[in-house]
Amino acid sequence: MKLIMMGPSGAGKGTHSEILSRKFSIPIVSTGNILREAVKNDTPIGLEARSYMEAGQLVPDDIIIGIVAERLAAPDCANGYILDGVPRTIAQAEAIEAAGIFFDAVLAFDVPDEIILERITGRRTCTKCGRSFHVTANPPKLEGICDGCGGELILRSDDSIDTVKKRLEVFYARTSPLGKFYDDRGVLKKISNQPTIEATSKIVMEALGI
Ligand code: ADP
């Protein structure tokens, strides 16, 4: 199964990627997590990406396309994967398609901006594995500690109100047009916002015909 998770920051892409990854035993490919790791390790890609990320801007397409091509060629991607946060531009989507990659479904999470702002300020992200939690909606078992790997949970430096507003603006301008791109290919599934993670998960499974 090959899936794309699409939607603004804090729409639930990461949370539902985790659920689907466990259910289908397929990896999550999150460009945000790959880039944060590169920034943490001061790699050449990290050094180039940092300023874009901190400003809530998109990292240039050529960097992203390179990262994705390399990651999808890894052996654990042979049976499928979940792309979280990529593609984010038409150029990225075209490059992936030009590489002969097609998707079973593109889940487009639709969440109002005011809910997003509330969610992001309560989001806590693992510095080690990238998994995200929410202080009230999805708290970790032990405060400040990742349930999955025991890593430290922090508020991401780009999860401030101002940067999130910028990221939302960029999403509507650059990423929303991908809805039509994938609808034209017959794979777009709209996921409307639900009050709980469980209710959203039910809609996701229905959309996937499970
Ligand atoms: P979000 O929490 O907004 O879903 P991510 O963790 O997916 O954010 O990404 C964080 C930042 O990394 C983005 O604001 C952007 O700067 C950069 N980034 C991640 N994926 C991409 C991509 N596909 N194209 C361009 N930039 C990206």
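Please read these numbers as outputs of a predicted model, since none were measured by experiment. In each ligand, atom 1 is the first atom listed, and ligand 1 is the first ligand listed.
- Within the structure, ring-ring contact (aromatic ring centres under 6.0 Å, His included) contacts touching residues 5-31 (residues at least two apart or in different chains) are His16-Phe109.
- For ligand 1, the 4.0 Å heavy-atom shell contains residues Ser9, Lys13, Thr31, Gly32, Leu35, Arg36, Met53, Gln57, Leu58, Val59, Ile64, Gly85, Val86, Arg88, Gln92, Arg123, Arg156, Asp158, Arg167.
- Lys23 is listed as a side-chain neighbour of Met205, based on a closest heavy-atom distance under 4.5 Å.
- A cation-pi arrangement is found for Arg185 relative to Phe181, the charged atom lying closer than 6.0 Å to the ring centre and inside a 45° cone about the ring normal.
- Among pairs with a residue in residues 128-168, none fulfils ring-ring contact (aromatic ring centres under 6.0 Å, His included), at least two apart in sequence or across chains.
- Of all heavy-atom pairs spanning Ala11 and Val111, the tightest one is O-CG2, 3.7 Å.
- Arg50 is linked by a side-chain hydrogen bond (donor to acceptor under 3.5 Å, both in side chains) to nothing, counting only residues two or more places apart in sequence or in another chain.
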